[in-house]
Amino acid sequence: MNSSKVIFINYFCIAQPFFMNLITNLKQSTANCIQQLYGVQIQPEQVLVNATKPEFEGDYTIVLFAFVKQLGKSPDTLGNELGAAMIADMQGVLTNYNIVKGFLNFTISNAFWFDFIKNATPNNLLSTTSTPKKIMVEYSSPNTNKPLHLGHLRNNFLGWSIAEILKLQGNEVVKTCIVNDRGIHICKSMIAWQLFANGATPADTNQKGDHFVGDYYVKYNDAYKAQVAELVAGGMTQEQAEKEAPIQKGAQEMLLKWEQGDAATMDLWKRMNSWVYEGFDTTYKKIGSDFVKTYYESNTYLLGKELVEQGLNKKVFYQKEDSSVWIDLTGDGLDEKIVRRKDGTSVYITQDIGLAQVKQKEFNTDASIYVVGDEQNYHFKVLKLICQKLQLPAADGIYHLSYGMVELPTGKMKSREGTVVDADDLVEAMIQISKEKTESLGKVSEFKEAQLTALYNTIGLGALKFFLLRVDPKKKMIFNPEESIDFHGFTGPFIQYTHARIKSILRKTGTDISLTVSELLPLEKGLAIELSNFQAVINEAAETLDPSKVAIYTFNLAKLFNSFYNELSIANAESEDKKNLRIQLGILTAATLQKGMRALGIEVPEQM
RNA sequence: GGUUCGGUAGCUCAGCUGGAUAGAGCGUCAUCCUUCUAAGAUGAGGGCCAUUGGUUCGAAUCCAAUCCGAAUCACCA
C-alpha cells in the first residue's frame, strides 16, 4: 500500500468529454472481440492501451502479452485475429493495424480526428460531472506575527488551483482560511512593540502592516538571545537563562492577560492584528487568493470541549488520574494522544475537531480538503481517525492535501533567523524581471501604461505560480534565490507566449471559418490527439489533487503547437481547407491553454 | 527506536495501476528570423533509474533487505 497514491474522490460518474472516449472504447472492443473469438471473458479494465511510440506506425497500442498465456495463442496469431476483428467492430474508427513483438498498433481513421476537430469548441472541450459535490478547500493558514513567505505562496497557489480544478469538473467549492491569530508567538511581537516601538505605527514608518509587525517579532528574538547570553555570562545555566529571560516572561504574562480578556492587552492585540490584516489583504489581492469564509483561531480555540464530553460518554476517550483526557490510538498503529489538558483547556487537536464540526454545520460539504504542509501528516491522520471514532458526519470527508516544504540550498527557511524568502519581495522581483524582459523584446510598444502594468503582473506571477505548481505537491522543493526563476522552457511565460502567439495569428486570419474534410498531416493529428486528452488530465488532477498534472499537460500542448507552428503555415497554408483546419486547431489550442493555465491560477495575455 | 515520505542526466524535475531504445526543461555545443511573435524551433552531448536479492515472458515501476536524506512521534500551534 502506498499512501501517496490515495485517490481523493472516485466519482461514480466522472466527467466525460463530448466526443467518444477512444481509449474506453478500445478497451471495451478488445474485451468484446476476445469474447467472440475465443469465448473468454476479459474485463475491459484489464486491457492496457498506450499511445503508440513515435517510431512505430499507429496511434494507439494494445499490449497483448497479458492475454497470450491465458488464450494459448502466439502473439502474432492473437494480434492478427484480434486486429481484424476489432477493425470490423470499430468500423470507421480503426483503419489499420500492425503487430510488433506482441504490441498491437492501431491507426485511427482520419475521419475520426477530423470529426473531433470539427465538432470541438472552446466550450465543449470540458464537460461537467453528473454527480457534483460540495467541497471545502482550506488553505493559506497564516500567522499574524509575521508576513507571508515562499512556503505560504506554495500553499496559496496549491489551494487556489485545486479549487479551480474541482470547479472545472462542475463541483461547488468553498474556499476557507484559518488564521492563527493568538498564542505566545503573537504575544512576542506585541511585547517587542511595547518595548521598542515608542508608539510607532506602519503609517509612521511607511511599511506594510504585516512587515512592520514581523520586524518586531525578529526584534523580540534578538532581545531574547541577548538577554539569555547576558544571564549566562552572569553565571546562569543556558536552560535557566532561557526560562528567566525577562522578555520571555513578559510574553508569557501577556498571554495570560490576553486569556483573561484584559482590556489594554486586547486593544493592543486588535490594533496590531489589524495592521497585519491590512498587509495580508494587499498580498492576497496581488497573488489572487480569496476566501468565502475566514475563521480565526481566537474564536475557535475553545471549540471541541463538548465533543470531549461526548467522547467520554461514548468511551472513545478516557480520563487519567490527573483528570486530563486521552485517546488510545495504539490499536491503529499510532500513539496515545491528549485531547484535553488537566486544567480543562483544549489542545490543538481538540480545536481542530471542533472546527471540523463547525464547518460541517455551516456549509454541509461532502468533503473538506486541508492544504497544510507535510510536517503535519501525523496530526491530520490523528484528526481524521478521532473524528471517525466520534462518528462525526464530517469525518470521512477529511482529506489532507500534504505538500512538501520549500527549502533553500542552505536548508530550511527560518523566520526567526531571517533566512526566509519574503512573499511580497519575491512577487515584486518577478514582476520587475518580467518588465525588463518585456521591454528588451520591445513587442508591446503600443501598450498604454495600465496595460503594461497588467502584463508585467500577469507574466511575473505566471512564472512564479507555474514554478511552484509544476512539481508534485507532496515533494519538497528547493528554491535557489541566487538563480532567478526562468522564463524559458518548462515555465509559465513559455505557455503564455504560445497563447499570445496563437492569438496574434488569429487576429490576422480571423476566426470565421467553415471546415471541409481534408487529410490530416502528422502534426495536425498530433495536436488533435493532445487536445482530446484535456478532460482526462483534468479528471486525473482532480482525483489525485495534483495541479502539476495540468502544468505538465499545458506545457506539452504548447510545445507541440510550437513545433506545428514552425513546420506549417497557418495564414499562408497550402489551401483554403488547410488554412481553416489550422485556424480551428489554433482556436482550440489557445482555449485549452487558457483553461489549463486558469486552473493553475495563471492568466494568459492576448499579446506579449 | 517506531511511523511516514523521498533517492532517476551536471542542476531542477517527469515517468511508478509492470510493457517497445528511460523523457523534459535549464546549462553546454551546433543550426534556423526578408515568410503567421526567436519568451520559439531543430539537432548533438549527457544515465550502473541509491545498493543487493526476489517475483515475471518483461522491473525505474511490484516485494524484501540494506545505505543515504527529510518529516513526525509535545499538556506548541
Side-chain angles (χ1 to χ4, degrees), chain A residues 2-5 7 45 48 50 52-53 55-56 61 63-66 68-69 75 100-103 105 141 143 180 182-186 297 301 322 324-326 333-335 337-343 345-349 351-352 373-379 381-382 402 404-405 407 411-412 434 437-438 440-441 443-444 459 463 467 470-472 474-480 483 486-498 500-509 548-549 551-552 555-556 558-559 561-573 582 586 607-608:
Chain A
N2 190 339
S3 62
S4 68
K5 282 173 199 149
I7 299 296
E45 300 80 55
L48 185 63
N50 292 333
T52 304
K53 303 257 173 193
E55 55 269 35
F56 300 101
T61 298
V63 184
L64 297 174
F65 297 105
V68 167
K69 204 181 234 174
V100 183
K101 295 193 295 184
F103 295 91
N105 304 321
S141 350
N143 290 321
N180 184 337
R182 63 163 284 280
I184 190 76
H185 51 301
I186 310 296
E297 217 177 275
Y301 84 111
D322 66 359
S324 59
V325 180
W326 296 72
L334 304 175
D335 307 275
K337 190 91 188 167
I338 189 161
V339 295
R340 192 173 73 190
R341 297 189 185 98
K342 63 185 172 199
D343 63 8
T345 54
S346 298
V347 294
Y348 179 41
I349 195 93
Q351 42 175 299
D352 262 7
D374 61 6
E375 56 199 355
Q376 295 202 39
N377 284 352
Y378 182 77
H379 172 76
K381 215 171 174 178
V382 171
S402 157
M405 296 289 107
E407 291 180 10
K412 254 189 120 167
S434 76
K437 298 225 178 207
T438 306
S440 73
L441 290 169
K443 292 178 184 175
V444 287
I459 298 173
F467 178 81
R470 69 180 191 179
V471 300
D472 188 337
K474 70 171 187 294
K475 288 195 175 177
K476 76 168 184 207
M477 59 188 297
I478 293 169
F479 173 79
N480 189 348
E483 301 166 12
D486 223 307
F487 282 63
H488 300 270
F490 185 22
T491 67
F494 170 88
I495 295 158
Q496 290 173 323
Y497 172 75
T498 307
R501 188 186 230 183
I502 298 170
K503 284 304 177 91
S504 164
I505 297 165
L506 295 179
R507 277 193 295 275
K508 287 178 181 146
T509 62
S548 72
K549 300 272 195 319
I552 292 165
F555 171 65
N556 285 329
K559 204 161 49 133
F561 184 88
N562 282 327
S563 298
F564 167 90
Y565 169 91
N566 229 259
E567 295 291 319
L568 306 169
S569 180
I570 297 171
N572 303 312
R582 289 175 195 164
Q607 186 182 343
M608 70 184 268

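- If you measure from atom CG of A:L506 to atom C1' of B:C36, you get 10 Å, rounded to the nearest angstrom.
- In this structure, A:I552 reaches the sugar-phosphate backbone alone: every heavy-atom distance under 4.0 Å involves primed, P, OP1 or OP2 atoms, never a base.
- Looking at heavy-atom distances under 4.0 Å, A:M477 makes contact with sugar-phosphate atoms alone, never a base.
- In this model, no donor atom of one side chain and acceptor atom of the other lie less than 3.5 Å apart for A:T491 and A:D486.
- Base pairing of B:U28 is made with B:A44, judged by Watson-Crick or G-U wobble geometry with both donor-acceptor distances under 3.5 Å.
- Toward the 5' end of RNA chain B, the nearer of the two residues A:E55 and A:N572, judged by each one's closest nucleotide, is A:E55.
- No hydrogens or angles considered: a donor-acceptor pair under 3.5 Å links the side chains of A:T498 and A:N562.
- The CD-C1' distance, from A:Q376 to B:U4, rounds to 15 Å in whole Å.
- Relative to the side chain of A:Y565, the nucleotides B:C75, B:A38, B:G40 differ in distance, and B:A38 lies closest.
- Counting non-hydrogen atoms under 4.0 angstrom, A:Q496 reaches nothing in the nucleic acid.
- With both pairing distances under 3.5 Å, B:A60 is matched to nothing as a Watson-Crick or G-U wobble pair.
- Minimum atom distance to the side chain of A:F494 is reached by B:G40, of the listed B:U37, B:C5, B:G40.
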Inset, instruction - Walk me through it: do A:M608 and A:T438 pass the test side chain to side chain contact (heavy atoms under 4.5 Å, CB included)? - result: CA-CA 7 Å; A:M608 70 184 268; A:T438 306; over 6 Å; no
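- Rounding to whole angstrom units, CG of residue A:N562 and P of B:C33 are separated by 18 Å.
- Note on A:L334: nothing from the nucleic acid sits closer than 4.0 angstrom, heavy atoms only.
- Put simply, CZ on A:F490 is 12 Å from P on B:C13, counting in whole angstrom units.
- Relative to the six-membered ring of A:F555, A:R470 misses at least one condition, a distance below 6.0 Å or an angle of at most 45° to the axis.
- Rounded to an integer number of Å, the gap from NZ of A:K381 to C1' of B:G2 is 11 Å.
- Among the heavy atoms of the strands lying under 4.0 Å from A:S569 is at least one base atom, whether or not backbone atoms are also near.
- Among the atoms of the strands shown, none is found under 4.0 Å from any heavy atom of A:T491.
- Within 4.0 Å (heavy atoms only), A:D352 reaches no atom of the nucleic acid at all.
- The residue among A:K503 and A:K101 whose nearest nucleotide of RNA chain B is located toward the 5' end is A:K101.
- No donor-acceptor contact under 3.5 Å links the side chain of A:D335 to the base of B:A74.
- With B:C26, B:G19, B:C36 as the choices, the nucleotide that has an atom nearest any side-chain atom of A:V63 turns out to be B:G19.
- Atoms CZ (A:R470) and P (B:C13) sit 8 Å apart, rounded to a whole Å.
- Within 3.5 Å, a donor on the side chain of A:T61 pairs with an acceptor on the base of B:A20, or the reverse.
- Residues A:S402 and A:N377 have side chains that bring a donor and an acceptor to within less than 3.5 angstrom of each other.
- Closest to the A:I570 side chain, of the nucleotides B:C36, B:U21, B:A41, is B:C36.
- The shortest side-chain heavy-atom distance between A:L48 and A:F65 does not fall under the 4.5 Å cut-off.
- In this structure, A:I186 reaches neither bases nor backbone, as no heavy-atom distance under 4.0 Å exists between it and the strands shown.
- Dashed line: the shortest gap from a side-chain N or O of A:T509 to OP1 or OP2 of B:C36 is not under 4.0 Å.
- Within the 4.0 angstrom heavy-atom criterion, only backbone atoms of the sugar-phosphate kind lie near A:F555; the bases stay farther away.
- Side-chain N/O atoms of A:R501 include none lying less than 4.0 angstrom from OP1 or OP2 on B:A41.
- With distances taken from any side-chain atom of A:N566 to the nucleotides B:A41, B:C36, B:G25, the minimum falls on B:A41.
- In this structure, A:F494 has its ring center at least 6.0 angstrom away from the ring center of A:H488.
- Closest to the side chain of A:V471, out of B:C26, B:U37, B:A14, is B:A14.
- Checking B:C75, B:U37, B:A24 against every side-chain atom of A:K559, the shortest atom distance belongs to B:A24.
- Salt bridge status for A:D343 with A:R341: absent, with no side-chain N to carboxylate O gap under 4.0 Å.
- Nucleic acid contact class of A:T438 (heavy atoms, under 4.0 Å, all strands): base.
- Donor-acceptor pairing under 3.5 Å, judged by distance alone, is absent between the side chain of A:D472 and the base of B:C13.
- Pair assignment for B:C5 gives B:G69, based on Watson-Crick or G-U wobble hydrogen-bonding distances that are each under 3.5 Å.
- Candidate nucleotides B:U37, B:A14, B:G19 were compared by shortest atom distance to the side chain of A:K508, and B:U37 ranks first.
- Closest to the side chain of A:K475, from the set B:G40, B:G6, B:C75, is B:G6.
- Going from atom CZ of A:F467 over to atom C1' of B:G25 covers 12 Å, rounded to whole Å.
- Straight-line distance from the NE2 atom of A:H488 to the P atom of B:G27: 8 Å, rounded to whole Å.
- Here B:C5 is in the anti range [glycosidic angle more than 90° from 0].
- At the phosphate of B:C57, OP1 or OP2 sits under 4.0 Å from a side-chain N or O atom of A:K69.
- Counting only heavy atoms from C-beta on, A:F65 has its side chain closest to B:C57 among B:C57, B:C36, B:C75.
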